[in-house]
K.L.:
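I have a structure here, written as structure tokens, and I will follow up with some questions on it.
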Amino acid sequence: QFIISSGDNFHTDILKAVQDTAWQWDYGQFFRVGNIKDLDWYAALGNHDYTGNPEAEIAYGTVDKHWHMPARYYTFTKQTPDGTSLRFIILDTSPFVKSYRKRVTHKDVAIQNTDRQLAWLDSVLSTSKERWKVVIGHHPIYHSGFFSGNTPELIDQVKPILKKYNVDFYFSGHVHTFQHNQIGGIDYVTTASAWKTRMVTPWFYTRFWKSATGFTICSVDHSHFAIYFINEKEELLYSYARKKS
């Protein structure tokens with residue numbers, strides 16, 4: 001019914017403006033075609049998006065009604081056919097990562113106010129009455145592998161808020177692998193890249209890991225939130241359902 005991107009929407013071509021040809025070459029020719037051409041996209045910012053112009057991605061919604069990024073972090077709700085409500089929260093995780101604040105290529109990161117974002121996240125979740133609560137950020141909070149590793153800034157600052165309000169899922173990207181990690185009652189799901197893969201190594205909290213390209217399908221009703229990892233050959237690699245009585 002709709003698509004969520006966990007960031008790095010433009011990985012190799014650096015997007016500069018709403019009229020940039022990268023919209024056609026890196027987005028339009030692949031994702032505005034076939035059975036998904038009329039689906040709405042809800043996108044997060046990744047670290048590679050910060051090497052370009054994040055404001056161009058925010059502004060693109062004015063020319064494409066299917067592209068949704070009203071701000072660097074935002075929230076929206078959905079309802080399933082059986083009337084089940086879902087709260088989605090899109091975070092901007094790059095400003096939390098201290099190493100990016102020192103990079104000239106990520107100069108826009110340093111001026112972002114993470115305290116304000118955390119206060120907003122707490123405020124949204126404190127008033128959320130939806131049955132399922134899902135948070136999406138580019139960087140994994142927990143990661144099975146040696147590339148990048150866990151994100152200590154997110155463990156210290158974001159995870160306590162997720163636990164406080166009983167968030168069900170945290171979805172991420174960044175590391176180009178399929179992962180399902182489970183810690184403290186939260187399912188941490190990392191979805192693969194459409195471009196390339198990296199090595200992944202299981203840890204004690206890992207339920208599934210796979211170095212592959214592909215995407216994740218979610219299916220939700222009142223009592224189940226199911227995920228399906230699909231590779232580039234349309235093969236099912238893994239499925240899992242979180243249940244609620």
Side-chain angles (χ1 to χ4, degrees), residues 4-7 42-47 68-80 83-101 109 112-144 148-175 179-191 203-208 216 218-227 240-245:
I4 296 177
S5 167
S6 58
Y42 297 86
L45 290 171
N47 55 297
H68 301 275
M69 188 190 288
R72 295 181 189 230
Y73 50 90
Y74 59 98
T75 185
F76 63 97
T77 60
K78 292 288 184 178
Q79 194 172 69
T80 65
T84 301
S85 59
L86 299 92
R87 167 70 60 178
F88 293 96
I89 298 174
I90 308 289
L91 296 182
D92 180 15
T93 58
S94 293
F96 289 95
V97 181
K98 293 179 182 178
S99 62
Y100 294 152
R101 292 178 169 265
V109 167
Q112 304 306 311
N113 189 327
T114 54
D115 288 339
R116 184 181 301 166
Q117 185 174 174
L118 290 171
W120 170 85
L121 174 63
D122 190 284
S123 176
V124 171
L125 285 171
S126 70
T127 58
S128 173
K129 305 299 182 183
E130 290 75 26
R131 181 164 177 80
W132 297 100
K133 299 178 180 67
V134 181
V135 177
I136 300 98
H138 179 64
H139 295 83
I141 294 179
Y142 290 101
H143 169 49
S144 298
S148 179
N150 295 340
T151 310
E153 298 92 340
L154 298 182
I155 292 175
D156 293 342
Q157 299 176 66
V158 174
K159 178 188 172 182
I161 300 176
L162 305 188
K163 286 184 64 65
K164 178 181 178 181
Y165 295 108
N166 298 314
V167 165
D168 299 293
F169 285 91
Y170 177 82
F171 283 86
S172 61
H174 187 55
V175 293
Q179 298 178 33
H180 177 204
N181 299 308
Q182 203 169 50
I183 304 175
I186 299 174
D187 287 297
Y188 296 92
V189 178
T190 300
T191 192
W203 295 100
F204 69 91
Y205 46 70
T206 307
R207 293 199 56 169
F208 180 83
T216 302
C218 299
S219 177
V220 188
D221 59 26
H222 184 76
S223 57
H224 297 82
F225 192 121
I227 63 169
Y240 163 80
R242 186 181 179 101
K243 301 177 182 179
K244 286 188 179 183
S245 57

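In what follows, residues are counted from 1 in the order of the sequence shown.
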K.L.:
In terms of the angle between their ring planes, are Phe171 and Phe225 parallel, tilted or perpendicular, with boundaries placed at 30° and 60°?
P.N.:
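Rings of Phe171 and Phe225: tilted, as their planes differ by 30° to 60°.
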K.L.:
Taking C-beta and beyond as the side chain, do Leu154 and Tyr170 meet within less than 4.5 Å on heavy atoms?
P.N.:
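Contact flag for Leu154/Tyr170 side chains = yes.
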K.L.:
For the ring pair Tyr100 and His139, is the centre-to-centre distance below 6.0 Å?
P.N.:
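Yes, the ring of Tyr100 comes within the 6.0 Å limit of the ring of His139, centre to centre.
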K.L.:
Within a strict 4.5 Å, meaning less than it, do heavy atoms of the Gln182 and Tyr188 side chains meet?
P.N.:
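Counting from C-beta outward, Gln182 and Tyr188 never come under 4.5 Å.
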K.L.:
With a 4.5 Å limit on heavy-atom distance, are the side chains of Asn47 and His138 in contact?
P.N.:
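In short, these two side chains touch, coming nearer than 4.5 Å.
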K.L.:
When you measure from the side chain of Ser5 to the backbone of Gly7, do you find a donor-acceptor pair of N or O atoms at a distance under 3.5 Å?
P.N.:
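Present.
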K.L.:
With the side chain counted from C-beta on, respond yes when Leu91 and Ile136 share a heavy-atom pair under 4.5 Å apart, and no when they do not.
P.N.:
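Side chain of Leu91 against side chain of Ile136, heavy atoms only: no contact under 4.5 Å found.
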K.L.:
Any side-chain heavy atom of Lys159 within less than 4.5 Å of one from Tyr142?
P.N.:
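Lys159 reaches Tyr142 side chain to side chain.
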K.L.:
Give a yes or no answer on whether the side chain of Ser85 reaches the backbone of Arg131 with a donor-acceptor pair at less than 3.5 Å.
P.N.:
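Side chain of Ser85 to backbone of Arg131, a donor-acceptor pair under 3.5 Å: yes, one is there.
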K.L.:
Could you tell me if the side chain of Trp120 sits less than 4.5 Å from the side chain of Ile89, heavy atoms only?
P.N.:
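In short, these two side chains touch, coming nearer than 4.5 Å.
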K.L.:
May I ask you to decide if Ser144's main-chain N or O and Gln179's side chain share a donor-acceptor pair within less than 3.5 Å?
P.N.:
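Here the side-chain-to-backbone pair exists.
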K.L.:
Side chains of Ile141 and Leu162: closer than 4.5 Å at any heavy-atom pair?
P.N.:
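In contact.
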K.L.:
Lys244 side chain to His222 main-chain N or O, any donor-acceptor pair under 3.5 Å?
P.N.:
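Side chain of Lys244 to backbone of His222, a donor-acceptor pair under 3.5 Å: no, none is there.
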K.L.:
Determine the interplanar angle of the Tyr240 and His180 rings, folded into 0 to 90°, and report it as parallel if under 30°, tilted if 30 to 60°, perpendicular if over 60°.
P.N.:
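Ring orientation, 0 to 90° scale: tilted.
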K.L.:
Ignoring hydrogens and geometry, is there a side-chain-to-backbone donor-acceptor pair from Arg87 to Leu125 under 3.5 Å?
P.N.:
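Not a single qualifying donor-acceptor pair exists.
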K.L.:
Within the 3.5 Å criterion, strictly below it, is a donor on Ser128 or Glu130 matched to an acceptor on the partner's side chain?
P.N.:
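There is such a pair (donor and acceptor under 3.5 Å, judged by atom type) between the side chains of Ser128 and Glu130.
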K.L.:
So Phe88 and Ile4, side-chain contact (heavy atoms from CB on, under 4.5 Å) or not? Walk me through it.
P.N.:
CA-CA 10 Å; Phe88 293 96; Ile4 296 177; 3.8 Å; yes
K.L.:
Would you mind checking if Asp187 and Arg207 are paired as a salt bridge, meaning a charged N to carboxylate O distance below 4.0 Å?
P.N.:
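So Arg207 does not pair with Asp187 through a salt bridge.
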K.L.:
Is there a donor-acceptor contact under 3.5 Å from the side chain of Glu153 to the main chain of Lys98?
P.N.:
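Looks like yes, one N/O pair under 3.5 Å.
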K.L.:
Roughly how far, to the nearest 0.5 Å, is NE2 of His224 from OG1 of Thr84?
P.N.:
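Reported to 0.5 Å precision, the distance equals 11.5 Å.
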K.L.:
Would you please indicate yes or no on a ring centroid separation below 6.0 angstrom for Phe76 and Tyr42?
P.N.:
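They qualify: ring centres under 6.0 Å apart.
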K.L.:
Is the cationic atom of Lys78 (NZ for Lys, CZ for Arg) positioned less than 6.0 Å from the six-membered ring centroid of Trp132 and within 45 degrees of its normal?
P.N.:
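No, cation not above the ring by the 6.0 Å, 45° rule.
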K.L.:
Which residues satisfy the side chain to side chain donor-acceptor pair (under 3.5 Å) test with Tyr205, sequence neighbours excluded?
P.N.:
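By the side chain to side chain donor-acceptor pair (under 3.5 Å) rule, Tyr205 matches Asn150.
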K.L.:
Sub-3.5 Å donor-acceptor pair from the side chain of Thr151 to the main-chain atoms of Pro140, do we have one?
P.N.:
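Between the backbone of Pro140 and the side chain of Thr151 there is a qualifying donor-acceptor contact (under 3.5 Å).
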K.L.:
Test your reading of the model: is there a side-chain donor-acceptor pair from Asp168 to the backbone of Val134, 3.5 Å cut-off?
P.N.:
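Not a single qualifying donor-acceptor pair exists.
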K.L.:
So do the side chains of Leu118 and Ile161 get within less than 4.5 Å of each other, counting heavy atoms only?
P.N.:
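A side-chain contact exists here, since the closest heavy-atom pair is under 4.5 Å.
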